[in-house]
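Structure first, commentary second.
All heavy atoms count here, side chains included; hydrogens, waters and symmetry mates do not. Numbers restart at 1 for each chain; the letters A, B, ... are given by sequence-line order, proteins then strands.
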Amino acid sequence: MDLLKKLNPQQRKAVAAPDGSVLVLAGPGSGKTRVLTHRVAWLVQEMDVAAWRIMAVTFTNKAAREMRARLEQLLGSSRARSLTLGTFHAACARILRREHEAAGIPRDYAIFDADDQLRLVKQALKELGYDDKLYRPQSMRGAISRAKNELILPGAYSTVSYRDEIVKRIYERYQALLKANNGLDFDDLLMVTARTFGQNPDVLAKYQERYRHVLVDEFQDTNQAQYTLLQQLSGLHRNLFCVADEDQSIYAWRGADYRNIRRLRDDHPDLTTILLEENYRSTQTILDAARAVIRHNPDRTDKSLFTQRGRGPEIVVHEAYDQDDEARFVVDTIARLTAQAGIRPGDCAVMYRTNAQSRALEDAFIRAGLPYRLVGATRFYARREIKDVIAFLRLIHNPAEGVSMARVINVPRRSIGTKTVTVLENAARERECSVYEVLGEIPAGLGTRAQRALTLFLKMVEGWVAARESMTAAQLIDRVLEDTRYNDYVRDDSDEGEDRWANVQELRNVAADYEDLTLTDFLADVALVSDVDSLGGEEVDAPTLLTLHSAKGLEFPIVFIVGLEEGILPHSRSLNDPDQMAEERRLMYVGLTRAEDRLFLTYAFRRTRYGESEYTETSRFLDDLPSNLVSGSWRQRREAKRQENRGTGVWGSKQGNSPSAVHNSQFTTRDPQFKAGQRVRHAAFGEGMVIESRAAGSDEIVTVAFEKVGLKRLMVGLAPLELAGS
DNA sequence: TGATCGCGCCTTTTT
DNA sequence: GGCGCGATCA
């Protein structure tokens, strides 16, 4: 009974629910995931269900990883490890690999990511002769993806308008291209699995019998394909356990349908619904603010979130001059807070609507010489150099795969230009074979230079393919890097080049962990894992920078949400669509409810967007905050400031004593404290020599050549920098 | 073939 | 402000 000891009565009821379908509806911070985790442990321990008979799916790899870690604590590692725990996509990928015959797909299919999808869409557009200005590849890909999420094949694509007709044709062509490349895209993983189950009752029965219990986290973010899969899988035992919060549904744009909650109620008349309203994460102030924002949404059941944590500090709303000033405020505040006892840098998170906003923040952290963790952004596996190496591996795995071939045939440059490639691709189409096969019999009409280059390339790839069985993934990577002289290609003496090379090495290290697994397994995993730290990165005690979307499911003692301006949050794309606006509101709600203790909301007076600096309008979400929750009367101050600025276009009060105002006044410069040639010491970077120092507003920017870490630019006001004894 | 330049469009958000 | 794409030149 230990499992239930620390839970409240509602949580306990959910965890120890008898067989049958259960829906747990809960607000943020109510221990949803904890309930799910305990439910799994409960089934294994108390109900004696074999771990491998339980399928638990979550939304992200990260969530799955964390849940597994918690289960290891509860159950011991051996039992936790045998659990089928992961994302929908990974689960389907595994099922499809096993059932490829019934699914009618090759066993060694490759998983195509968003980038690959876009290439195929572009190719389809080109082949069909459509204008990619009129039919944007991105939007076409979106339409195809949406169709697949709703389990609609090209043949059944409904065409109301002429544009739909075009989409349908592109979709058809796109599917043909996928097939020709032995590829399945992310959406296919779900759609093909659902279809396979639908058409092969015997296959489905196997999995229905196997999984006595199916558990789902973040159920509000499932799409139709996923809902169908859940219905299919739980069809026999009917033990479907879903955890959801409709107010946190923020993925409608990619097909998530929170109406699945209603569907679940309709399809399971015996459904047990349990509400969790007590919040264990945030102060009452934060909860009240979150509720004030979310209550404007229509069609929702208002939950009264409550906590026993007390009111806590007021919310701080801060107006900055521009995005750099905003970033500086964030860094400054974090530096100040962490100087106090009990607050560590890792307790802080900075959230923003779009990835583009991270740049100013990163700059500010770098200038202050403070470390930070960036989640997402240019994801590891989306980096050019990583995609290159993976394309080589995919080519070795299946030389007939055209997308990878096209990617690397001239990388690094080996004098195989677009013209040559076009000739090859045309020949391949004529002969109805792959480009790789064409290389064995080079078509006429190519110069000797091109021919020689192609032969060399072919010999190289053939060598790899021949070695494929006898080498591990890591060895293959080494071989590829060596043969292509990839090293010389990426390391161009720039910092960026070094970073790229380091990334390649990182990938190699990841591959080294796959010693006993095949190249196929490695490639499948790599396609499904989205960021590198889910493959085991070290935890550092530093503030986290992340988008509001990727903040879901996380919590931090101190949260900053930046860019609270109309057009940013809410995003400009949602301003005239009530449904999308409701989603923006939920996004804001997710952000607010990540905070445990303190909340800082910032906006800038002007912001540079698309290279142009514009005056901003504060976010409607700020207006929703009851003033008794916010420290000071920022609203009045904002009005006063705007009044004052009218006509001058200048920001900041003349007597301004806020840090941002000081920054903006150019006349408070003082003499630099450091001079070129001086030896200095920095807490984190060690010793170095000052190269240059110049005043910047009231602060000073010093460029230092550190012995260990090289050149860094630091703000004296923020960097722990001191003169070193000569 | 490959480097360079100007142009247009852009950015949501992720498995 | 930056990226991809097409046009243009060495």
**Prompt:** Under 4.0 Å: is that the gap between some side-chain N or O of A/Asn410 and OP1 or OP2 of B/dG2?
**Reply:** yes
**Prompt:** Does the ring of A/Trp253 meet both stacking tests against the six-membered base ring of B/dT13: centre distance under 5.5 Å and plane angle under 30°?
**Reply:** yes
**Request:** For B/dA3, take OP1 and OP2 only and decide whether either is under 4.0 Å from a side-chain N or O of A/Arg413.
**Result:** yes
**Request:** Would you please test A/Arg141 and A/Ile144 for side-chain contact (heavy atoms from CB on, under 4.5 Å) and show each step?
**Result:** CA-CA 5 Å; A/Arg141 200 205 58 191; A/Ile144 292 172; 5.7 Å; no
**Request:** Using whole Å, report how far CZ of A/Arg609 lies from P of C/dG1.
**Result:** 16 Å
**Message:** What verdict does the side-chain contact (heavy atoms from CB on, under 4.5 Å) test give for A/Asn410 and A/Val421, after you've listed the backbone C-alpha separation in whole Å, the side-chain angles of each residue and the deciding distance to 0.1 Å?
**Reply:** CA-CA 9 Å; A/Asn410 198 31; A/Val421 172; 5.8 Å; no
**Request:** Answer yes or no: does a side-chain N or O of A/Thr608 lie under 4.0 Å from OP1 or OP2 of C/dG1?
**Result:** no
**Counterpart residues, side chain to side chain donor-acceptor pair (under 3.5 Å), relative to A/Asp624 (two or more places apart)** = A/Arg585
**Prompt:** Between A/Lys122 and C/dC5, does any side-chain N or O lie under 4.0 Å from OP1 or OP2?
**Reply:** yes
**Message:** It should be established whether A/Thr60 places a side-chain nitrogen or oxygen under 4.0 Å from OP1 or OP2 of nucleotide B/dT14.
**Reply:** no
**Asked** Would you say B/dT14 has OP1 or OP2 under 4.0 Å from some side-chain N or O of A/Asn355?
**Response** yes
**Item:** Electrostatic pair A/Asp322-A/Arg607, nearest N-O below 4.0 angstrom
**Value:** no
